[in-house]
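In what follows, every heavy atom counts, from backbone to side chain, and hydrogens, waters and symmetry copies are set aside. Remember, it's 1-based here, ligands and their atoms both numbered in the order they're listed. Numbering starts at 1 and runs along the sequence shown.
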Amino acid sequence: MPIYVALASLMFLGVIFGPQLWVRHVMKRHGVDRPDLPGTGAELARHLLDAAELTSVTVEQTDRGDHYDPDTRAVRLLPQHHDGRSITAVAIAAHEVAHAVQHAREEPGFMRRIEATRALIWIERIGSGVLVLAPVVFILVRSPAVVALQVCAGISLLAIEVIVHVTTLPVELDASFGKALPVLVRGRYLGSGDLPAASSVLKAAAYTYVAAALATLLNVMRWLRILRF
Ligand SMILES: [Zn+2]
């Protein structure tokens, strides 16, 4: 019996944490410097934005993960993707520019995603708040049932994050494979030998949010074990 429990736990960990490890592995594997590439991630992003007549969209460096910010209309890249000359840097830059294009065209899927992400900020805050307050409630009410209910509510709220990111996957896949990859091929920014690597980076980029949301759930569960719920 214990072997089944161990196998089930491993599978559970694999499902929850595997995607995050895979995303990091792919980004790192193709993140090696390639001096033969025509430009850095930031240079390519600027070039592609100008070509799409999105001159007002800025390209900035960030430490908070690569993303396109629809509020300030900015493409933000991690330092290694902003200044790096690698397949990962180039593919990520093209992916984030694709979001700027989705926004400029007011594509319905992207516009819905903006609303969903705004709602998620609140759902995440409330979910975390409910979980953080659980020990306090236990001290006050001394009812494990109430606390268990509260913890379930908190985890469910955080699980909504995973569901929302799964439902917005088509927008991410369109950014990667409907827009970024064809642009990289058409503009010959990468040689044909580099396209399989770029495709895997673009796939990882598309799944980044789902992977991160799943990993957040794991962190919550770890945290609950520490509190011995
Ligand atoms: Zn994206």
For residues 48-56, which side-chain donor-acceptor pairs fall under 3.5 Å, sequence neighbours excluded?
residue	atom	partner	partner atom	Å
D50	OD1	R46	NE	3.2
D50	OD1	R46	NH2	2.9

The Zn ion (ligand 1) contact by H67, N, O or S atom under 2.8 Å: no

Distance-only side-chain donor-acceptor flag, H103 / H99, under 3.5 Å: no

H165-Y207 aromatic ring centre distance below 6.0 Å: no

Shortest-distance N/O/S atom, E172 versus the Zn ion (ligand 1): OE1

Metal-centred angle, NE2 of H95 through the Zn ion (ligand 1) to NE2 of H99, rounded to 10 degrees: 100°

Residues forming a salt bridge (charged side-chain N to carboxylate O under 4.0 Å, His left out) with K179, sequence neighbours excluded: E107, D174

